[in-house]
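Report on the structure given below.
Chain identifiers are assigned alphabetically (A, B, ...) following the order of the sequence lines, protein sequences preceding nucleic acid strands; residue numbering begins at 1 within each chain. Values reported hereafter were calculated over all heavy atoms of this structure, with side chains retained and with hydrogens, waters and symmetry mates removed.
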Amino acid sequence: MKVLFNDGTVGECAPEEAVHVIRHSAAHIMAQAIKRLYPGAHFGYGPATDNGFYYDVDLPEGAKISEDDFPAIEAEMKKIVKENLKFTTFELPRDEAKALMAERGELYKAEHIDDLDPDARITFFSQGEYIDMCVGPHITYTKALKAFKLTAVSGAYWKNDAHNKMLTRINGIAFPSKEELDAHLALLEEAKKRDHRKIGQEMELFMFADEGPGFPFWLPNGMRVKNALMDYWHDMQDAYGYDEVQTPVILSRTLWETSGHWDHYKDNMYTTLIDDEDYAVKPMNCPGACLIYKSRPRSYRDLPLKLAEAGLDHRHEMRGALHGLFRVRSFTQDDAHLFVRPDQITEFVTETAQLITTYYEQFGFPYHVELSTRPEDSMGSEEDWEVAEAGLKEALESMGVDYILNEGDGAFYGPKIDFHLNDCLGRTWQCGTIQLDFQLPQNFELEYVASDGSKRRPIMIHRAGFGSFERFIGMLTEQYAGKFPTWLAPLQVKVLPVSEKARAYAREVGAALRKAGIRVKVDERDEKIGYKIREARGIDRVPYMLILGEKEAEAGNISVRDRSNETVQKDLDAFIEEILREISLREG
RNA sequence: GCUGGAUUAGCUCAGUUGGUAGAGCAGCGGUCUUGUAAACCGCAGGCCGUCGGUUCGAGUCCGACAUCCAGCUCCA
């Protein structure tokens, strides 16, 4: 495809780049259409995104755009495409560029010029009457925009800063062809079926009530999944040599003052009075772990001390941020705190990162990693930070893990590695985290006796792999579309008698499975076998159905139908042995 | 918290210009005794999210609040 670069030349670009150019140009054409329909509108940023584009618009006083207005905007965009306007480009010196934008009322664009590199060329693209400050490249004629659709309207702060004015963000999708657009829409529809909130309701995994927004209720089926995951977690903590602890959910104000949370995190903490003293429900488990560390003298020989805790935390998240199981106000972190000597940082960050990536491999999650380094306003010595950052980097590099470097984005108390997973619609959620902490050991005056008898300060490594059981089970639900591997499935086998005549035999088989420790249910209803299968497949999403009729009862065997919908005759004992092996190996 | 939208039966949704609510599935009761993705008949089920306002009259119009959805901000 031919594209127009900002030096005025026209050239070919690679197909994968072309899609991006089309999407970015769609943003310009949408802005032009909006400007025609709402002459007082002005614009913020309008980039291409993964599947489309958006533009942030400052609408004239009193005007608003809702989804009802999309048809009119799309129609105007189509008109612009039909007009087949030519894209042109020009460059202006900084002052003139600013003057041009100011003159056109584009104050956000003018402001943006101040943020640009002083040596940067300021270039513009225009099609018809519309002019936009932009580095391009763009399509050469508006007719190259063949398939697009506006999808959503929302608010977004100028420069993503909550102190700034909120603009109206209009999102669209765009593809090189109508077929690709339709395919994408179909894919989206499919993806929505995996949504853990929908599946969670269908499978009765969890629920929410108006009486407790953001506080999940685990229903019997969800509890089964949670317990199975918890068993896996316990096994992994044992395998990695952690000691498991549990710290209290409510602790006194003095503790949170020592940790610094009372001053810095108070808006997110639930507080209560006990005997007229202030207490807080823990939003994190670290201060409790510090008290355990401090409960007796520690030697350098004791380190690392690795304390794991399935810690029940409560945080007053803003209600607009709540999102199914992904963002709740009450959750159980798969937390751990490692108290280490400075010379142990690399070794145990590596071990921790290995543990976390083992989880993701177990479930087949793609993930990406971010490393955040020292921010401007931080505590701890230059030397500590260097050692800590080097330790994190070394750990990632020794494992061959690719990562995004977020310079200056670490916590004030230490650098961190975050692991992010994608949900069914491609939104990313932080699950795993490894954070080094200089602050809490200092605040709590943690010490160990070194080999020379001197008192030294340990470094604390906070880590979580699932992030929280809630978030992770949400992820697992979407990953498997509810079809959990047998070891995690709330219901592992459903026994379906073909008719009343096979009921006794079905009960017998069900009892044998239950005795073997398998999660089983016998569907004794007077329904046709097709009906029972439909429900077992579509709602229960059960790994194995045993279809038992008079044939099986007479032969003393079973018909097993698995998720591939193949049915085979088996001996019950052989099946029990197979499924128990599958469960114990945690396959799938 | 912010911007926009939604809220009708357990679930998924209809409900015309304002005239006191409907369907399918699920549930319950019957009939059928069932062989691999929905048998048939009947019954019951609603403070139309909550509160207030406009109106002779509100599921419908207006306002506040609550919850949910998309996004922003923030975060596991």
Exercise. Which letter, B, S or -, goes with each nucleotide of nucleotides 25-33 of chain B from 5' to 3', with contact meaning a protein heavy atom under 4.0 Å?
Worked result: -SS----BB
Problem set entry | Crowding at CG, A/Asp50 (>12 non-hydrogen neighbours, <6.0 Å) | no
Output a table of nitrogen or oxygen pairs between the protein and nucleotides 65-69 of chain B separated by less than 3.5 Å.
from	atom 1	to	atom 2	distance (Å)
B/A66	OP1	A/Arg319	NH1	3.4
B/A66	OP1	A/Arg319	NH2	3.1
B/A66	OP2	A/Arg319	NH2	3.3
B/U67	OP2	A/Arg319	NH1	2.2
B/U67	O2'	A/Asp210	OD1	3.1
B/C69	OP1	A/Arg197	NH1	2.9

For this session: Treat primed atoms plus P, OP1 and OP2 as sugar-phosphate and everything else as base, then score nucleotides 7-18 of chain B 5' to 3': B for base contact with protein heavy atoms under 4.0 Å, S for sugar-phosphate contact only, - for none.
Result: ----SS------
Problem set entry | Strand-adjacent residues in residues 49-58 of chain A, judged by heavy atoms under 4.0 Å from RNA chain B | none
Seminar exercise, completed: With A/Phe365 as partner, the option from A/Phe472, A/Trp429, A/Phe419, A/Tyr480 fulfilling ring pair (Phe, Tyr, Trp, His ring centres under 6.0 Å) is A/Phe472
For this session: Give one of base, sugar-phosphate or nothing for A/Glu211, where a contact means two heavy atoms less than 4.0 Å apart.
Result: nothing
Exercise. Contact class for A/Ile529 vs. all strands (heavy atom < 4.0 Å): base, sugar-phosphate, or nothing?
Worked result: sugar-phosphate
For this session: Give me the residues of residues 462-484 of chain A where at least one heavy atom lies under 4.0 Å from an atom of RNA chain B, by number, or none.
Result: A/Gly467, A/Ser468, A/Arg471
Exercise. Going by heavy atoms closer than 4.0 Å, what residues in residues 155-171 of chain A are next to RNA chain B?
Worked result: A/Gly155, A/Ala156, A/Tyr157, A/Asn160, A/Ala162, A/Met166, A/Arg169
Exercise. Do A/Glu317 and B/G1 have a side chain to base donor-acceptor pair shorter than 3.5 Å?
Worked result: no
For this session: Hunt down any stem RNA chain B takes part in, defined as 3 or more consecutive Watson-Crick or G-U pairs whose two distances are each under 3.5 Å.
Result: B:1-7 with B:66-72, B:10-13 with B:22-25, B:27-31 with B:39-43, B:49-53 with B:61-65
Going by atom type alone, with no hydrogens or angles, which donor-acceptor pairs under 3.5 Å involve a side-chain atom of residues 39-48 of chain A and a protein atom two or more places apart or on another chain?
from	atom 1	to	atom 2	distance (Å)
A/His42	ND1	A/Gly105	O	3.1
A/His42	ND1	A/Glu106	OE2	3.4
A/His42	NE2	A/Gly40	O	3.4
A/Tyr45	OH	A/His112	ND1	3.0

For this session: Would you indicate what A/Thr433 reaches in the nucleic acid, counting non-hydrogen atoms under 4.0 angstrom: base, sugar-phosphate, or nothing?
Result: nothing
Exercise. Salt bridge or not for A/Lys416 and A/Glu370, using N-O below 4.0 Å?
Worked result: no
Exercise. With sequence neighbours left out, what residues match A/Glu74 under side chain to side chain donor-acceptor pair (under 3.5 Å)?
Worked result: none
Exercise. What residue pairs, at least two apart or across chains, pass salt bridge (Lys or Arg N to Asp or Glu O under 4.0 Å) with a residue in residues 327-337 of chain A?
Worked result: A/Glu317-A/Arg327
Problem set entry | Basic-acidic side-chain contact under 4.0 Å: A/Asp526, A/Arg503 | yes
Exercise. For A/Gly530, which contact category applies under a 4.0 Å heavy-atom criterion: base, sugar-phosphate, or nothing?
Worked result: sugar-phosphate
Exercise. How does protein reach along nucleotides 59-64 of chain B, written 5' to 3' as B (base within reach of a heavy atom under 4.0 Å), S (only sugar-phosphate), or - (no contact)?
Worked result: ------
Exercise. Under the salt bridge (Lys or Arg N to Asp or Glu O under 4.0 Å) test, which residues partner A/Lys193, sequence neighbours left out?
Worked result: A/Glu190
Exercise. When we call it a touch if two heavy atoms are under 4.0 Å apart, what does A/Lys64 touch: a base, just sugar-phosphate, or nothing?
Worked result: sugar-phosphate
